[in-house]
Amino acid sequence: MKLVVVGGHSRGVGKTSLAAGIIAANPELHWTALKITQYGHGICSAHGHDCSCAIEDPDCPYAISRELELDSGSDTSRFLRAGAEEVYWARTRVGQLETAMPALRDMMASREFVIMESNSILRFLRPDVYLPLLRFDVEDFKLSSRIYLQRADAYVVVGSTASQPSWPGMPAGLLDEKPVFRVEPPSYCGPEVLRFVWERLGMPAG
């Protein structure tokens with residue numbers, strides 16, 4: 001299995017667009033795409049408002065559902081429209097992602113190319129490519145992103161790279177240690193990013 005993980009330091013920075021762009025560039029790879037959402041205390045980690053991600057069964061620590069609709073308006077439907085063969089949404093309570101890992105590992109074992117939108121999954125998996133997406137005009141910096149930032153294979157920066165903010169807990173000069181790719185909306189996924197991904201996956205450029 002070849003695994004690509006796309007992360008980001010905050011909500012709404014373009015993670016889904018970047019993952020969808022990677023899928024769309026080579027749909028013939030029959031991608032399996034997963035979005036991981038953690039929730040707690042009624043507040044959604046996806047958008048910060050009252051949570052519709054919560055699992056109704058209080059005794060169930062996680063749920064994994066398959067996306068089958070192209071126009072549901074969800075992030076997972078965007079993966080499907082981009083050309084992913086299978087798309088899943090995994091939801092867990094905050095701090096309980098490990099409860100879903102046996103099911104996720106079983107699911108991924110028979111897939112050749114998997115792409116995930118998550119930071120916290122890095123606690124359990126070592127991907128072939130980890131790309132955190134950064135926006136210097138967004139001050140929020142999630143703990144899960146800060147913890148794993150140094151495991152990045154490259155950084156994808158939205159907009160200018162000239163004025164790096166002093167995010168709390170981010171070592172000075174960190175972006176000087178790895179490749180940095182600048183992208184712009186709406187695609188968030190340029191040819192340099194794609195070439196880097198294919199090289200890390202050991203494939204010819206798409």
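Since we're looking at a predicted model, the values are computed, not measured.
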request  = State, to 0.1 Å, how close Pro179 and Phe196 come at their nearest heavy-atom pair, and which atoms those are.
outcome  = CG-CE1, 4.0 Å
request  = State, yes or no, whether a side-chain contact exists between Cys189 and Ile22 at a heavy-atom distance under 4.5 Å.
outcome  = yes
note = The reported gap from OG1 in Thr32 to CE in Met116 (rounded to nearest 0.5 angstrom) is 10.0 Å
query = Listed by chain and number, what are the side-chain contact (heavy atoms from CB on, under 4.5 Å) partners of Leu80, not counting sequence neighbours?
reply = Glu67, Leu70, Val87
remark   = Here the gap from Lys142 atom NZ to Leu149 atom CG, rounded to the nearest 0.5 Å, amounts to 12.5 Å
task = Give the minimum heavy-atom separation between Asp71 and Ser77, together with the two atoms involved.
result = N-CB, 4.4 Å
inquiry  = Could you work out, with salt bridge (charged side-chain N to carboxylate O under 4.0 Å, His left out) as the rule, every residue matching Arg111, not counting sequence neighbours?
reply    = Glu86
query = Does the side chain of Leu131 come within less than 4.5 Å of Val197's, by heavy atoms?
reply = yes
task = May I ask you to test the Leu104-Tyr88 pair for a side-chain heavy-atom distance under 4.5 Å?
result = no
remark   = Between Trp198 and Ala25, the two heavy atoms sitting closest are CZ2-CB, 3.9 Å
message = Assess whether a salt bridge exists between Lys178 and Asp153, defined as any Lys/Arg side-chain N lying under 4.0 Å from an Asp/Glu carboxylate O.
response = no
ask   = Can you name the residues that form a salt bridge (charged side-chain N to carboxylate O under 4.0 Å, His left out) with Arg78, not counting sequence neighbours?
value = none
ask   = For Ala24, what residues pass the side-chain contact (heavy atoms from CB on, under 4.5 Å) criterion, not counting sequence neighbours?
value = Ala82
request  = Report yes if the side chains of Val157 and Val183 come closer than 4.5 Å at any heavy-atom pair, otherwise no.
outcome  = no
query = In the single-linkage hydrophobic clustering (I, L, V, M, F, W, Y; side-chain heavy atoms under 4.5 Å), do Met1 and Leu122 co-cluster?
reply = yes
Closest non-hydrogen atom pair, Ser120 against Gln38 = OG-NE2, 3.0 Å
request  = Give, for atom NZ of Lys2 and atom CD1 of Ile115, the distance between the pair rounded to the nearest 0.5 Å.
outcome  = 14.5 Å
inquiry  = Please enumerate all residues that pass ring-ring contact (aromatic ring centres under 6.0 Å, His included) together with Phe113, with sequence neighbours excluded.
reply    = Trp31
request  = Taking all heavy atoms of Leu133 and all of Gly14, pick out the closest pair and write down the distance.
outcome  = CD2-C, 3.2 Å
With Glu85 via side-chain hydrogen bond (donor to acceptor under 3.5 Å, both in side chains) - residues at least two apart = His30
query = Taking C-beta and beyond as the side chain, do Ile36 and Leu97 meet within less than 4.5 Å on heavy atoms?
reply = yes
task = Give, for atom CG of Leu125 and atom OG of Ser118, the distance between the pair rounded to the nearest 0.5 Å.
result = 9.0 Å
key: Met107 CE to Arg66 CZ distance, which is reported to the nearest 0.5 Å   = 9.0 Å
Pairs satisfying salt bridge (Lys or Arg N to Asp or Glu O under 4.0 Å), at least one member in residues 115-129, at least two apart = Lys35-Glu117, Glu98-Arg123
inquiry  = With clusters defined by side-chain heavy atoms of hydrophobic residues (ILVMFWY) lying less than 4.5 Å apart, directly or transitively, does Val6 cluster with Met203?
reply    = yes
query = Out of curiosity, Ile147 CD1 to Asn119 CG, how far, rounded to the nearest 0.5 Å?
reply = 9.5 Å
inquiry  = Would Arg91 pass as a cation-pi partner of Trp89, given that its NZ or CZ must be under 6.0 Å from the six-membered ring centre and within 45 degrees of the axis?
reply    = yes
Partners meeting side-chain contact (heavy atoms from CB on, under 4.5 Å) with Pro191 (sequence neighbours left out) = Arg195
task = Show your reasoning for whether side-chain hydrogen bond (donor to acceptor under 3.5 Å, both in side chains) applies to Ser74 and Ser72.
result = CA-CA 5 Å; Ser74 65; Ser72 69; 2.8 Å; yes
ask   = Closest heavy-atom contact between His9 and Asp140?
value = ND1-O, 2.6 Å
key: Val129 side chain near Val5 side chain, heavy-atom distance below 4.5 Å   = no
note = Hits for side-chain contact (heavy atoms from CB on, under 4.5 Å) against Pro185, two or more places apart or cross-chain, chain-then-number order -> Val158, Tyr188
inquiry  = Tell me every residue that passes ring-ring contact (aromatic ring centres under 6.0 Å, His included) with Tyr155, counting only those two or more places apart in sequence or in another chain.
reply    = none
ask   = Looking at residues at least two apart in the chain, or sitting in another chain, which of them share a side-chain hydrogen bond (donor to acceptor under 3.5 Å, both in side chains) with Arg105?
value = none
Test item: Val180 and Leu134 side chains (from C-beta on) under 4.5 Å apart, heavy atoms = no
